[in-house]
Undergrad: 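Structure provided below as structure tokens; questions to follow.
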Amino acid sequence: MSVRVRFAPSPTGALHIGGIRTALYNYLFARQHGGTFILRIEDTDQNRYVPGAEQYIIEALRWTGLVPDEGVGFGGDKGPYRQSDRKAIYQKYAHDLVRLGHAYYAFDTPEELERLREAEANFTYNHRTRPSLQNSLTLPVEAVQRHLAEGKPSVIRLKVEPDKSIRIEDLIRGEVVFQSSELDDKVLLKADGMPTYHLANIVDDHLMGITHVIRGEEWLPSTAHHVLLYRGFGWEGTMPRFAHLPLILKPEGNGKLSKRDGAKFGMPVFPLAWAGPTPEESFPGFREAGFLPEATINFLALLGWHPGGDQEMFSMDELVQAFSVEHIGKSGARFDYEKAKWFNQRYIQATDNAALADMIRPMAEAKGYRTDSQFLADVAGLMKERVTFLPDFVEQGYYLFEPVRTYDNEMLQKRWNPALQPAFEAVIEQFGSESPFEAVHLEPAMKRFMADSGIKPGDILPLLRLALAGTMKGPGVFEMAAVFGKEETVRRLSAALAHFLGE
RNA sequence: GGCCCGUUCGUCUAGGGGUUAGGACACGUCCCUUUCACGGAUGAAACACGGGUUCGAUUCCCGUACGGGCUACCA
């Protein structure tokens with residue numbers, strides 16, 4: 001049977017980076033087995049639905065390259081893939097389960113249950129308490145019929161039989177055992193007619209032919225209920241295998257990574273920026289920060305999984321090859337932003353200049369800078385080994401785009417000396433006569449010229465740098481000169497000399 | 001509180017009954033470089049604790065501690 005896996009997020013806002021990792025592992029597993037990767041939108045909670053979240057999820061998957069084979073926005077013949085469009089299906093199955101004796105109607109109001117929980121801290125709706133509550137197991141048949149006919153608000157609950165051991169063979173954790181007596185009678189169908197996660201999930205996974213459920217660890221405790229549902233429906237024979245992923249933890253302190261941690265620690269925790277109704281509900285994204293999708297994926301892949309060995313850099317194809325559920329770690333992984341930055345740096349270094357030019361162009365454009373391909377590619381070549389993020393090219397390399405307006409005064413005081421004027425002028429003149437104007441020629445030629453003229457490179461080189469860039473940081477003097485070209489180089493040097501002379 | 005899961009350098013991790021416990025990020029030092037980086041070399045840095053089992057346990061078992069998750073008509 002061919003592998004079918006799904007990524008099933010809830011459109012309650014921006015999808016954080018942990019969600020992308022879950023999608024990634026599902027994707028890798030599907031690709032490796034020649035299987036199908038499905039996107040299902042779990043929007044069964046009307047109250048938490050956030051407009052735009054679904055589009056965000058799809059865009060985030062496209063950006064990271066985790067493109068589904070089937071699902072909302074991607075076609076497929078097992079749809080619809082949006083749970084709110086499947087309401088009638090769940091209702092049918094919920095009622096089937098009642099008929100089969102594995103579920104029942106319950107009429108207790110949320111308020112009544114709330115009171116019970118307040119009265120008894122550990123109150124649970126289960127095999128012990130249900131005989132004293134308002135449901136189709138305790139009420140006379142006529143009363144149940146009447147309530148149903150009158151449309152009295154009701155839910156359908158799973159009838160968990162006590163005294164049974166439920167064993168789950170988790171692909172990551174091995175055998176996990178639960179005692180049914182400790183399980184509650186989970187609500188399957190809510191009073192508004194929508195299913196809860198538990199019902200919708202099992203029905204959909206079954207109907208969509210899902211073979212492996214790879215999801216976050218927060219679902220491990222309810223997996224026992226899910227097994228009971230498969231049994232209740234008589235689907236145990238085709239029940240998917242489960243793999244529960246460890247969670248991603250906060251960069252510092254305790255607990256799992258949350259939305260707010262981005263602002264708290266000054267780093268993005270979302271793949272894409274999210275514009276909420278208020279600044280507090282808006283979040284920065286990896287994409288907007290200037291991460292390459294490949295770097296983001298490589299970083300996430302290794303957060304909780306490693307194939308063994310010492311390899312750090314993995315292309316998507318290599319990940320597909322190397323991936324295995326057995327090598328997923330069991331403990332939570334702390335979100336390590338420094339490592340993410342390092343990956344990005346490595347990927348930028350490994351990207352060719354022409355491709356970088358295309359990525360930089362919008363940023364150069366926004367600043368009103370030159371945007372021709374050759375120049376941007378040259379800038380990329382000069383800066384790629386000293387940047388971390390894409391915007392750094394134009395932000396740190398501003399002097400490549402703009403004329404120098406200010407010179408590092410401290411360095412100027414230290415390096416400039418009026419006695420150097422003739423040497424500096426000679427060097428400017430020599431630059432003007434060099435050809436070809438390329439770094440490989442310029443560097444030896446100029447150094448030879450200085451040696452022949454009795455000019456100490458140590459006196460002049462720092463000044464040339466200052467003259468060309470205004471700052472002591474940056475690419476090699478001759479490399480910059482070559483990118484500027486003869487005319488611009490001489491212009492910058494002359495302008496700088498005038499400034500050095502106090503004009 | 002109850003149930004479930006986990007625990008190797010600060011972080012991500014490899015490993016696995018006998019190893020100098022390996023790599024990467026971050027950090028220190030040095031080299032390269034008359035800048036800043038890249039790169040190279042090198043250093044400091046870990047098997048939570050207590051009992052077993054065993055000739056031998058970081059590795060297997062049991063406890064304890066600590067961490068995490070769940071405990072909604074949320075997912």
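Computed from a predicted structure; not experimentally measured. Per chain, numbering begins at 1; letters A, B, ... match sequence-line order.
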Undergrad: When all nucleic acid strands are considered with a 4.0 Å heavy-atom cut-off, which category describes Gly304(A): base, sugar-phosphate, or nothing?
TA: sugar-phosphate
Undergrad: Distance check, rounded to the nearest 0.5 Å: Ile156(A) atom CD1 versus Leu97(A) atom CG?
TA: 8.5 Å
Undergrad: Just compare C12(B), A75(B), A26(B) and give me whichever is closest to any side-chain atom of Arg334(A).
TA: C12(B)
Undergrad: Please list, chain by chain and in numerical order, all residues satisfying side chain to side chain contact (heavy atoms under 4.5 Å, CB included) with Val269(A), sequence neighbours excluded.
TA: Leu257(A), Phe335(A)
Undergrad: List in chain and number order the residues that pass ring pair (Phe, Tyr, Trp, His ring centres under 6.0 Å) with His102(A), two or more places apart in sequence or in another chain; answer none if no residue qualifies.
TA: none
Undergrad: Which letter, B, S or -, goes with each nucleotide of nucleotides 38-47 of chain B from 5' to 3', with contact meaning a protein heavy atom under 4.0 Å?
TA: S---------
Undergrad: Which residues pass the side chain to side chain contact (heavy atoms under 4.5 Å, CB included) test with Lys259(A), sequence neighbours left out?
TA: Phe270(A), Phe283(A)
Undergrad: For a quick check of understanding: with a heavy-atom distance under 4.0 Å over all strands, which category does Phe178(A) fall into, base, sugar-phosphate or nothing?
TA: sugar-phosphate
Undergrad: Using atom P in both nucleotides, what's the gap between C27(B) and A37(B) to the nearest angstrom?
TA: 11 Å
Undergrad: Considering only the P atoms, how many Å lie between G51(B) and C3(B), rounded to the nearest integer?
TA: 27 Å
Undergrad: How far does the C1' atom of U42(B) sit from the matching atom of G50(B), given to the nearest Å?
TA: 38 Å
Undergrad: From CD1 of Ile328(A) over to P of A14(B), roughly how many Å is that when rounded to an integer?
TA: 11 Å
Undergrad: Can you tell me the distance, in whole Å, between the CE atom of Met472(A) and the C1' atom of U35(B)?
TA: 5 Å
Undergrad: What string of B, S and - do you get for nucleotides 67-73 of chain B, 5' to 3', if B is base contact, S is sugar-phosphate-only contact and - is no contact with any protein heavy atom under 4.0 Å?
TA: SSBS-SB
Undergrad: Distance check needed: A14(B) P versus His306(A) NE2, whole Å only.
TA: 7 Å
Undergrad: Who is the Watson-Crick or G-U wobble partner of A48(B), with both distances under 3.5 Å?
TA: U64(B)
Undergrad: Would you indicate what Pro475(A) reaches in the nucleic acid, counting non-hydrogen atoms under 4.0 angstrom: base, sugar-phosphate, or nothing?
TA: base
Undergrad: Could you tell me whether the phosphate oxygens of A75(B), OP1 or OP2, come under 4.0 Å of any side-chain nitrogen or oxygen in Thr44(A)?
TA: yes
Undergrad: In whole Å, what is the span from the CD1 atom of Ile166(A) to the P atom of C4(B)?
TA: 12 Å
Undergrad: On RNA chain B, compare the nucleotides closest to Gln311(A) and Tyr197(A); which residue's is nearer the 5' end?
TA: Gln311(A)
Undergrad: Judged by atom type as modelled, is there a donor-acceptor pair below 3.5 Å linking the side chain of Ser222(A) to the main-chain atoms of His225(A)?
TA: no
Undergrad: Got a sec, which residues hit side chain to side chain donor-acceptor pair (under 3.5 Å) with Asp408(A), two or more places apart in sequence or on another chain?
TA: none
Undergrad: Among side-chain atoms of His306(A) and His327(A), is any donor-acceptor pair under 3.5 angstrom?
TA: no
Undergrad: Mind listing the side-chain donor-acceptor pairs of residues 110-122 of chain A below 3.5 Å, one per line with the distance, residues two or more places apart or on another chain?
TA:
residue: Glu111(A); atom: OE1; partner: Thr109(A); partner atom: OG1; Å: 3.4
residue: Glu112(A); atom: OE1; partner: Thr109(A); partner atom: N; Å: 3.0

Undergrad: Mind checking the P distance from C38(B) to C25(B)? Whole angstroms is fine.
TA: 11 Å
Undergrad: Rounding to a whole Å, what distance do you find between His16(A):NE2 and A75(B):P?
TA: 18 Å
Undergrad: Just by modelled atom types, is the Gly253(A) backbone N or O under 3.5 Å from a matching donor or acceptor in the Arg334(A) side chain?
TA: yes
Undergrad: Base, sugar-phosphate or nothing for Val177(A)? Non-hydrogen atoms, less than 4.0 Å.
TA: sugar-phosphate
Undergrad: Answer with base, sugar-phosphate or nothing: what part of the nucleic acid does Pro195(A) contact at a heavy-atom distance below 4.0 Å?
TA: sugar-phosphate
Undergrad: Both distances below 3.5 Å, Watson-Crick or wobble geometry, any strand: find the nucleotide opposite C55(B).
TA: G18(B)
Undergrad: For Trp416(A), give me all partners under ring pair (Phe, Tyr, Trp, His ring centres under 6.0 Å), at least two apart in sequence or on another chain.
TA: Phe500(A)
Undergrad: Which residues pass the side chain to side chain contact (heavy atoms under 4.5 Å, CB included) test with Glu182(A), not counting sequence neighbours?
TA: Gln179(A)
Undergrad: Listed by chain and number, what are the side chain to side chain donor-acceptor pair (under 3.5 Å) partners of Asp204(A), not counting sequence neighbours?
TA: Gln83(A), Arg86(A), Tyr90(A)
Undergrad: Would you list the protein and nucleotides 32-34 of chain B atom pairs, both N or O, that sit under 3.5 Å from each other?
TA:
residue: U34(B); atom: OP1; partner: Lys447(A); partner atom: NZ; Å: 3.1
residue: U34(B); atom: N3; partner: Gly458(A); partner atom: N; Å: 3.4
residue: U34(B); atom: O4; partner: Gly458(A); partner atom: N; Å: 2.1

Undergrad: Quote, to the nearest angstrom, the C1' distance that separates A24(B) from A65(B).
TA: 30 Å
Undergrad: Classify the nucleic acid contact of Gly474(A) as base, sugar-phosphate or nothing, counting any heavy atom under 4.0 Å across all strands shown.
TA: base
Undergrad: Excluding sequence neighbours, so at least two apart, what forms side chain to side chain contact (heavy atoms under 4.5 Å, CB included) with Arg231(A)?
TA: Ile166(A), Val227(A), Leu228(A), Glu236(A)
Undergrad: Which base, if any, makes a Watson-Crick or G-U wobble pair with C27(B), both distances under 3.5 Å?
TA: G43(B)
Undergrad: What is the distance from atom CE of Met194(A) to atom CD of Gln46(A), rounded to the nearest 0.5 Å?
TA: 4.0 Å
Undergrad: Which base, if any, makes a Watson-Crick or G-U wobble pair with C3(B), both distances under 3.5 Å?
TA: G69(B)
Undergrad: Asn344(A) CG to A26(B) C1': how many Å, rounded?
TA: 17 Å
Undergrad: Does Glu338(A) reach a base, just sugar-phosphate, or nothing at all? Heavy atoms under 4.0 Å.
TA: sugar-phosphate
Undergrad: Distance check, C1' atoms only: U19(B) and C32(B), in whole angstrom units.
TA: 35 Å
Undergrad: Has the side chain of Lys339(A) got a donor or acceptor that lies under 3.5 Å from a partner of the other kind on the base of A26(B)?
TA: no
Undergrad: If I pick the P atom on A21(B) and the same atom on A44(B), what distance separates them, to the nearest angstrom?
TA: 13 Å
Undergrad: Grab the NZ-P distance between Lys330(A) and U8(B) for me, whole Å please.
TA: 12 Å
Undergrad: Indicate yes or no for a side-chain donor-acceptor contact from Lys384(A) to the backbone of Thr351(A) under 3.5 Å, with no hydrogens or angles considered.
TA: yes
Undergrad: Distance check, C1' atoms only: G67(B) and U8(B), in whole angstrom units.
TA: 15 Å
Undergrad: By the rule that syn is within 90° of 0, classify the base conformation of C38(B) as syn or anti.
TA: syn
Undergrad: Whom does C36(B) pair with, Watson-Crick or G-U wobble, provided both distances fall under 3.5 Å?
TA: none
Undergrad: With a 4.0 Å cut-off on heavy atoms, is Arg173(A) in touch with a base, just the backbone sugar-phosphate, or nothing at all?
TA: sugar-phosphate
Undergrad: Need one value for Asp45(A): base, sugar-phosphate or nothing, where a base atom within 4.0 Å counts as base even if backbone is also close, heavy atoms only.
TA: sugar-phosphate
Undergrad: To the nearest Å, give me how far apart CZ (Phe335(A)) and P (U13(B)) are.
TA: 13 Å
